[in-house]
There are 2 protein chains.
Amino acid sequence: MNTHTKVSTVQRIESVLMEEISVGELSPGVRLDETGLAERFGVSRTPIREALSRLTAQGILVPGEKRGVFVAEYSRQELSQIFEAMHEIEAACARIVSQRLNLLARSEIEAAQTECLAAAQAGDRAGYLRANEAFHIAIYQATGNPYMEEIATEFRRRTGPFRAKKFETKDDLIRSAESHQALIDNIFSEDSATASNGMRTHMTESFMQTLKVN
Amino acid sequence: MNTHTKVSTVQRIESVLMEEISVGELSPGVRLDETGLAERFGVSRTPIREALSRLTAQGILVPGEKRGVFVAEYSRQELSQIFEAMHEIEAACARIVSQRLNLLARSEIEAAQTECLAAAQAGDRAGYLRANEAFHIAIYQATGNPYMEEIATEFRRRTGPFRAKKFETKDDLIRSAESHQALIDNIFSEDSATASNGMRTHMTESFMQTLKVN
DNA sequence: CGGCAGTATTTTGTATACAAAAACAAAAGT
DNA sequence: ACTTTTGTTTTTGTATACAAAATACTGCCG
């Protein structure tokens with residue numbers, strides 16, 4: 001449960017499942033099976049149960065009414081509510097960043113945007129998904145507040161499988177990468193209202209596009 | 001793990017520990033002991049381990065470097081960062097409520113405030129702590145967004161033991177309850193900027209007072 | 001053919017056992 | 001007296017066993 005240098009079986013299982021969920025390999029609504037996973041990972045049920053229990057404690061999995069655990073799924077309304085909360089967090093992050101931007105954080109955001117543009121120009125979808133996440137995470141880290149980062153990242157993870165569906169064509173990637181520039185300009189404007197409103201605009205567009213493909 | 005009508009041993013243990021942590025009975029930094037808890041609850045180590053693991057997954061407990069789990073504690077700086085994040089969430093909640101306040105939510109907030117005033121006038125500290133939490137939770141629920149409610153409640157839980165220390169005398173209770181009135185006026189003003197700025201003022205005062213006693 | 005009861009199977013929650021790692025205490029060496 | 005080594009105890013992580021609950025399947029009856 002608490003090894004620092006050696007990753008415990010529980011941690012390993014938890015990480016693998018989390019990754020599969022966040023990239024959509026394990027789709028919302030899918031049932032996870034203790035004994036099947038025990039065979040898959042070559043361990044007893046004990047660490048499987050612990051990993052599954054930890055993931056339910058984090059809301060990533062949800063228990064069935066009587067039995068079974070399932071990958072959390074969201075209705076259209078729930079997704080709207082999640083986006084609303086995410087919208088507020090992202091706007092707050094943008095405001096905080098605009099008020100305390102330092103050279104290092106600024107260069108990290110710009111480097112992340114450079115990666116986004118490169119992946120988009122190359123039509124590399126998987127690379128773009130990664131670069132897009134890294135771009136947003138650079139903004140959260142620029143807040144200098146790990147708790148803001150943690151919440152924002154958690155919302156990103158929850159919406160990840162749904163947002164990913166809006167990136168299909170090379171044009172989709174390019175359009176998204178280019179929209180980051182306006183966002184950066186707003187955040188770097190040193191005006192907190194401009195920064196948070198710029199992020200609100202960006203998140204509203206993201207939400208509208210996500211609704212279209214889900 | 002997922003019984004709806006019957007509370008499992010794991011859930012029971014988790015709830016009891018969570019409650020003890022949030023009221024400060026289990027202080028930050030205290031070590032929790034599997035075998036001691038197994039004796040205390042009259043069960044084997046298995047459900048204890050699962051409950052402890054779930055609480056570490058939620059950040060409520062933290063693993064030691066090599067062994068043991070401890071109630072999470074926060075430095076002054078960490079507490080500041082948590083308050084900053086909490087401040088943003090609470091301001092966002094106030095803004096959302098001011099934009100969509102309905103009669104039921106309004107009456108629930110006012111009823112919660114009535115309870116606060118009564119507990120304060122009676123000098124009932126424990127009652128006031130409960131009523132104060134219920135007041136803020138009524139605001140979160142008035143957002144109509146369970147995700148906003150969830151995050152805000154989580155921050156309240158994290159800061160609970162620290163905030164509780166500022167309520168010692170009857171005067172402390174009365175002052176706090178009276179400060180809610182300004183907050184309510186701002187939220188009910190139907191102006192979202194007034195609502196969020198009112199909440200920012202309230203949270204800033206709460207933070208300053210909390211720093212004084214911690 | 002549909003519904004019900006009984007049986008078999010699967011899933012879940014927990015207890016217990018075992019082995020490895022970490023911590024502590026005592027003894028031996030310098 | 002201090003340090004190192006060895007032995008003992010405690011803690012941790014996992015496997016296995018057991019019992020209870022839930023579900024699926026089959027056969028019988030109206």
Side-chain angles (χ1 to χ4, degrees), chain A residues 1-21 25-73, chain B residues 1-21 25-73:
Chain A
M1 186 159 62
N2 53 338
T3 53
H4 270 241
T5 54
K6 184 160 159 42
V7 176
S8 71
T9 305
V10 173
Q11 286 171 325
R12 178 164 60 90
I13 294 162
E14 189 176 340
S15 297
V16 170
L17 293 180
M18 240 173 166
E19 175 65 23
E20 289 181 0
I21 290 164
E25 258 178 65
L26 280 178
S27 304
V30 163
R31 185 176 181 279
L32 298 192
D33 164 45
E34 283 180 17
T35 54
L37 288 173
E39 279 169 30
R40 172 179 161 192
F41 287 96
V43 298
S44 76
R45 276 174 58 228
T46 308
I48 298 288
R49 286 183 55 77
E50 190 173 328
L52 294 182
S53 191
R54 287 174 64 90
L55 291 170
T56 66
Q58 294 166 74
I60 294 167
L61 299 180
V62 294
E65 289 230 340
K66 295 286 170 69
R67 57 199 322 195
V69 295
F70 301 82
V71 178
E73 58 188 333
Chain B
M1 187 161 62
N2 54 338
T3 53
H4 269 239
T5 53
K6 184 159 160 38
V7 175
S8 72
T9 304
V10 173
Q11 286 170 325
R12 178 165 59 91
I13 294 162
E14 190 177 339
S15 296
V16 170
L17 294 180
M18 241 175 164
E19 174 65 21
E20 288 180 0
I21 290 163
E25 258 179 67
L26 279 177
S27 305
V30 163
R31 186 176 180 281
L32 297 192
D33 165 45
E34 285 180 16
T35 54
L37 288 172
E39 280 169 31
R40 173 181 161 192
F41 286 97
V43 297
S44 76
R45 274 174 59 227
T46 309
I48 298 288
R49 286 183 55 79
E50 190 174 327
L52 294 182
S53 191
R54 287 176 63 90
L55 291 170
T56 66
Q58 293 166 74
I60 293 166
L61 300 180
V62 294
E65 288 233 338
K66 293 285 170 67
R67 59 201 317 197
V69 296
F70 300 82
V71 178
E73 57 187 334

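Predicted model, so just to flag it, every value in this text is computed and none were measured. Chain letters run A, B, ... following the sequence lines, proteins first, then strands; residues in each count from 1.
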Original post:
How far apart are the closest heavy atoms of B:Glu50 and A:Ser53, and which atoms are they?
Top reply: OE2-OG, 2.8 Å
Original post:
Between C:dT12 atom P and A:Ile48 atom CD1, what is the distance in whole Å?
Top reply: 13 Å
Please write out the pairs of protein N or O atoms and N or O atoms of nucleotides 16-22 of chain D separated by less than 3.5 Å, giving the distance to one decimal.
{"residue": "D:dT16", "atom": "O4", "partner": "A:Thr46", "partner atom": "OG1", "Å": "3.4"}

Subject >> Residue of the set A:Leu37, A:Ile48, A:Val10 for which side chain to side chain contact (heavy atoms under 4.5 Å, CB included) holds with A:Val43 >> reply: A:Ile48
Show me, pair by pair, the donor-acceptor contacts under 3.5 angstrom made by side chains of residues 26-33 of chain B, not counting sequence neighbours?
{"residue": "B:Asp33", "atom": "OD1", "partner": "B:Thr35", "partner atom": "OG1", "Å": "3.3"}
{"residue": "B:Asp33", "atom": "OD2", "partner": "B:Gly36", "partner atom": "N", "Å": "2.8"}

Subject >> Side-chain (A:Arg49) to main-chain (A:Glu34) donor-acceptor, under 3.5 angstrom >> reply: no
Original post:
What is the minimum heavy-atom distance between A:Leu61 and A:Val71, and which atoms define it?
Top reply: CD2-CA, 3.8 Å
Original post:
Atom CG of B:Leu61 to atom C1' of D:dT12: distance rounded to whole Å?
Top reply: 16 Å
**OP:** Figure out the CD/P separation between A:Glu50 and C:dT12, and round it to whole Å.
**Re:** 17 Å
**OP:** Could you say whether A:Val43 or B:Leu32 is positioned toward the 5' end of DNA chain D, judged by the nucleotide with the nearest heavy atom to each?
**Re:** B:Leu32
Subject >> Contact summary for B:Val7 and B:Arg12, nearest pair of heavy atoms >> reply: CG1-N, 3.9 Å
Original post:
Tell me: CD of B:Glu39 to C1' of D:dT10, nearest whole Å?
Top reply: 13 Å
Original post:
Between D:dT12 atom P and A:Gln11 atom CD, what is the distance in whole Å?
Top reply: 14 Å
**OP:** Using atom CZ of B:Arg49 as one end and atom P of D:dT14 as the other, report the distance to the nearest whole Å.
**Re:** 7 Å
Original post:
In whole angstroms, how far is the P atom of C:dT11 from the CD atom of A:Glu65?
Top reply: 19 Å
**OP:** Nearest whole angstrom, please: distance from the P of D:dT23 to the CZ of A:Arg31.
**Re:** 10 Å
